[in-house]
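What you see below is based on every heavy atom in this structure, not just the backbone, and it leaves out hydrogens, waters and symmetry mates.
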Amino acid sequence: MIKMAFLKLHIIALMAFFIVFANFALAQDIIKGKVSDAGTRQPLVGANVTVPGTQAGTTTDNGGYFTLAQTGKVDSLRISYIGYKSVTVKAAPLLTIFLEPSTNSLREAVITALGNQTTLLRSPVPVTVVTNDMLLRQSSTNAVDAIAHQPGITEITEGPGISKPEINGLGYNRVLTLFNGERQEDFQWGDEHGILIDPYAVYDVEIIRGAASLQYGANAIAGVVSFKPEPFAGNGTVQGSVLTEYQTNNGMIGNSEDIGGNNNGFVWDVRASNEEAHCYHDPKDGYVWGTAFNQSFVRGVIGIDKSWGYSHLSVSSLHREIEVPDGNRDSATGQFEFDIPQNGQLFPNKANFLSYYPNIAGYQVLDHDEVWWQNSINAGKGKFGLDIGYTQSHRQEIDTGTIAEYDITVHDVPYSFKYQVAGDSSGLKFTTGINGMYEFGENAPEPPAPYIRFSEIPNYNDFDIGGYAILEKDYKNLTLSGGLRYDMRDITGQSMYLANYNTSSQAIVQAGTPGAYQQYAAFSDVFTGVSGSIGASYQLPENNYVKINLAKSYRAPSVQELNSNAENAGANAYILGNINLKAEQGYEADIAYGNNGRDVSFEVDGFANYINNFIFSDRLSSKKGGDSILQDFPVFQFLSNTAIIAGVSAYFNIHPANTKWLEIDNGFTYIYSYMPNQTDSTDHVPLTPAPRLTTEVKFKLNDRHNSIFRGTYITFGQDKYWAQNNIYSELNTELPSYAYTLYNAGIGTNFINRKTGRQICSFFINCTNLTNLAYADHLSHNAYFLAYNAEPVTVTQQSQGIYNMGRNIGFKLVFPIGEYKVSDTGLYGGE
C-alpha cells in the first residue's frame, strides 16, 4: 500500500509537469482543408486526418472540413476513411483532398504491430485487424471472446468470464497480449487465468498470426494480440461516449463512460467501466453453478502530442471477482451441489444462480494496476521511442470462507527503447531496439488457523532482455522484410518448506524445521535464444497478391513449467513442473495468396510450424490431493517433445460494387498437430482447435433523405464446427468433440438528429446460439469438470461435463458525447 501511494504521488507530479509544459506551447502550424468523394464531390464526414509519425490528428466535420493546429513544422498529412483509399499529401495552409472509393480498404489499413508501419496488403506476415465497428456489433463477455471468431484465432475458456487466446493452435505463454503496447503478463500460465483487460476500453485490435518473437521476445512464438484504446480527440474538441448493454442469458449488465479532449496537442482521456453477470444457462445443465462474475475498471491518460513527437502517461486499475466452476454434483440426482454446505444449504437455489455477487466458496479476487509511460521524439527522418511501465497483479483464490488459499502478487516492469527511421523516397524502413521486462512474484504469508495456504509456484525473479533489428524495403509492387533478435531470460526461484505435509496444516516454515517438507527447491537458470525472419509480399496484376515469410522463433519456459508442485483447484488438477525443460525453438513457414477485387476479396494463408522442445502438460496415472474439501486431483506434469503444427486459415468476402446493400463474409480455420515418435493416444498436441467455418450475410439498408436512421443493417450467420478426433487421448486427457452448428442474427442502426445531422446514439441487437443448442466447445475446460459429493471424477464422455452457454441476446446502446460524428458508410464514428 505504501509503495502504491508513493507511486501515485509520482504520477500526480508527472501529470502536473505535463499540464505546466502544455501552457508553454510553441508557435503552431494551422492547416485547414476539406475531404470529399472523388466521384460525387460529396463531403466525407468523420474522415481521419493524422500527422505521420505522431499520434496527432483530427476528424472532418459534417461538411467534410477539418482544422489541425500543430506545434512546430508539419511536412505531410495522411487522410483515411473506411471505404476509401488512404492518401498522404504534402502539408499546406489550405488543402482540398479527394478520396477514391475502395471495395476493400481494410487491406490498406496501416498497421504498427510488426514494428515498422506498413499496410495489411504489404505485410509479409499474416495480420488480422478487428475494427471498432466489428467489436460494437457483437455481444461478447470479455476482450478475447470478442476476437475469437476471426480466421486462425480461437479461445480457451473456463466459463464466460475466463478466456485465453489461441493463434494457429497455440496459446498460453506462446501468445503475447498487449494493451496500448504494454505487455499483459497477468498469470498467463494457468488454465483459469483470463486476460485482465476491460473489453470496453478496446477500440480495435491487431493480431499477428505467426511467429512474432522478432520484435516482442520469448512469449510471442505463436503471435501477438495487440488491443488498442480509442484514439485521442481531435484538436480543439472534447468528445467521448456512454455505452450500456444487457445480455439475456447470464443477465450481464455492462456500462462504460469515456470522455477525452485535445487542446493544441495537450491530450487527456478518462474511462470508467463496470460489468456484472450471474450464472449462465444452457439447455442441458440449466443454470451452471460457479460462473458469475463482476468487474470494474478505471483508466486515465494525460499527455502531449506535438510535431516533435509525443509523451503519454496512463494509469489504470481493474478489479475482478469471478466464480470458477468445478462441476460438483449430487451423485444421486446430478444436481449442482455446494462443495460444503452454505448455512445448512446443500444445493444452490434460484436466488444463488441469479446472484450478481460471486462470493460463495470457489471464487477468485483479482486486482490489476498499471502505469505506462510512452514517449516518442522525432529526430530528422527517424524517431526515438522510450516506453516504461509498472504492473501489479494480485490474485486470490478462495475455496472456503473469506481467506484465500492461494494468494500471490506478481510485479512487472516492462520496458522498450527503439529507434525507427523511414526514407520517404527510398521506401526503406529500419527499426532497432531493446525491450523486455523485470518480473517478480511473491506468495502471501501463511493465513491464521484454520485456513490453509497453497503456493502453486515459488517466489521468483525473472529478468528478460532482447535486442533486435528489422529492415523493410518497399518497391512499387514488392515489399521485402527481415530481421534478427537475441534474447536472454534469467529466472530464479526460491526454496520453500512446509510443515506436516498433506494434512490440514501446511504452514510455511524455515529450512531445518523438524518434520519439514521441501515443496520447492531453489533453482536458477539462464535461457538464451535467437529469433529471425525474412519475408516478402508481391502485388500481382488484377488485384492479386502473394506473401511468404520464414521465421525462427524462441520461447523460454515459464516459472510454472519449471517448478510447480501444488494443486490448482481452479483447474481441477495437481500441477508438477520440470526443472530440466529447455527453451522451445520454432521454425515456421507462412505463405498466402489473395485477391483484393472489386466485387470479391479473399485470402488463403497456409502455415507449418516445427517446434523443438515443445512444452505441454501431460496427465499422469497418479492422483494427489491435500485440500481438506476436494481430494485426489489428477496429476499433470510438464514434459517436452517435438511438435509439428500446420494449417490453413482463409476468408472469402463478397461485396458487389453495384449491390452495395449486400455483403457476405466467410472465414475458415483448419489446424492439424502431430508429435512424432508417440503412441496413437499421445501423438497430437493438446487443445488443437476443431475445424471451423463462419459465415455472415449482411444486408445494408439504404439511408433515406432526412431519415432519423442511418447505417442500418441486418445480419444472419452461422458458425460450423466439425468434430475434433485428433486429440491427446491418453488417460482421458482430451475427449473427442462432436460437430455442431450455431446460428446467429443481429441488427443495428444510428439515430440521427434531422435538423443538425448529428448522431444521437447507436443501437445494436445481437443474438448468438439462436436455436439454443446444447453443445460443448473442444477448447472449453468446463467440459472436463465433474465431481460427485466433492470427489473429482474423470470425465470419460463429453455429456458428463459442463456445456457452453445457450441462447444469448445482447442489447447495446452507445451515446456519443461532443464532436463524435457518424458517416454514411458505417457506424459509430465512421467505422
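- To the nearest 0.5 Å, atom CD1 of residue Ile153 and atom CD1 of residue Ile167 are 4.5 Å apart.
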side-chain hydrogen bond (donor to acceptor under 3.5 Å, both in side chains) evaluation trace for His312 with Asp305 | CA-CA 8 Å; His312 301 152; Asp305 282 357; 2.5 Å; yes
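- In this structure the side chain of Tyr545 never reaches within 4.5 angstrom of the side chain of Ser537, judged on heavy atoms.
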Please report the C-alpha distance between Leu178 and Gln184 in whole Å, then the side-chain angles of each, then the deciding distance to 0.1 Å, and finally whether the side chain to side chain contact (heavy atoms under 4.5 Å, CB included) criterion is met.
-> CA-CA 6 Å; Leu178 309 172; Gln184 303 296 300; 5.8 Å; no
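- Two residues are said to be in side-chain contact when any heavy atoms from C-beta on lie closer than 4.5 Å; Ile434 and Ile465 meet this criterion.
- Between the CG atom of Asn609 and the CD1 atom of Ile645 there is a distance of 6.0 Å, given to the nearest 0.5 Å.
- We find that Arg183 and Asp412 are not joined by a salt bridge, their nearest charged nitrogen and carboxylate oxygen being 4.0 Å or further apart.
- Remark: Asp605 engages Arg209 in a salt bridge, criterion side-chain N to carboxylate O under 4.0 Å.
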Working for salt bridge (charged side-chain N to carboxylate O under 4.0 Å, His left out), residues Asp719 and Arg692 = CA-CA 7 Å; Asp719 300 334; Arg692 181 186 67 199; over 6 Å; no
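- More than 12 heavy atoms of other residues, nucleotides or ligands shown are found within 6.0 angstrom of CG on Leu95.
- Looking at heavy atoms from C-beta onward, Thr694 lies out of side-chain contact with Phe668 at the 4.5 angstrom threshold.
- Rounded to the nearest 0.5 angstrom, His655 NE2 and Ser601 OG are separated by 3.0 Å.
- To the nearest 0.5 angstrom, Phe616 atom CZ is 12.0 Å from Leu687 atom CG.
- Summarising the geometry of Gln215 relative to Arg485, their closest heavy-atom pair is O-NH1, 3.0 Å, with the distance given to 0.1 Å.
- In terms of the side-chain contact (heavy atoms from CB on, under 4.5 Å) criterion, residue partners of Leu480 (sequence neighbours excluded) are, by chain and number, Tyr475, Leu478, Ala536.
- Not counting sequence neighbours, the partners of Tyr419 by the side-chain contact (heavy atoms from CB on, under 4.5 Å) test are Phe384, Val421, Thr432.
- Aromatic pair Tyr593/Phe602: centroids less than 6.0 angstrom apart.
- Salt-bridge formation is detected for the pair Arg489/Asp464: a Lys NZ or Arg NE/NH1/NH2 atom is positioned less than 4.0 Å from an Asp or Glu carboxylate oxygen.
- Residues that satisfy the side-chain hydrogen bond (donor to acceptor under 3.5 Å, both in side chains) test with Arg174, not counting sequence neighbours, are Glu584.
- Looking at Glu206 and Lys228, a side-chain N of the basic residue comes within less than 4.0 Å of a carboxylate O on the acidic one, giving a salt bridge.
- Heavy atoms only, all atoms of each residue included: Asn132 and Asp204 are closest at N-CB, 4.1 Å.
- Asn168 contributes atom CG, which lies 12.0 Å from atom OG of Ser673 (distance to the nearest 0.5 angstrom).
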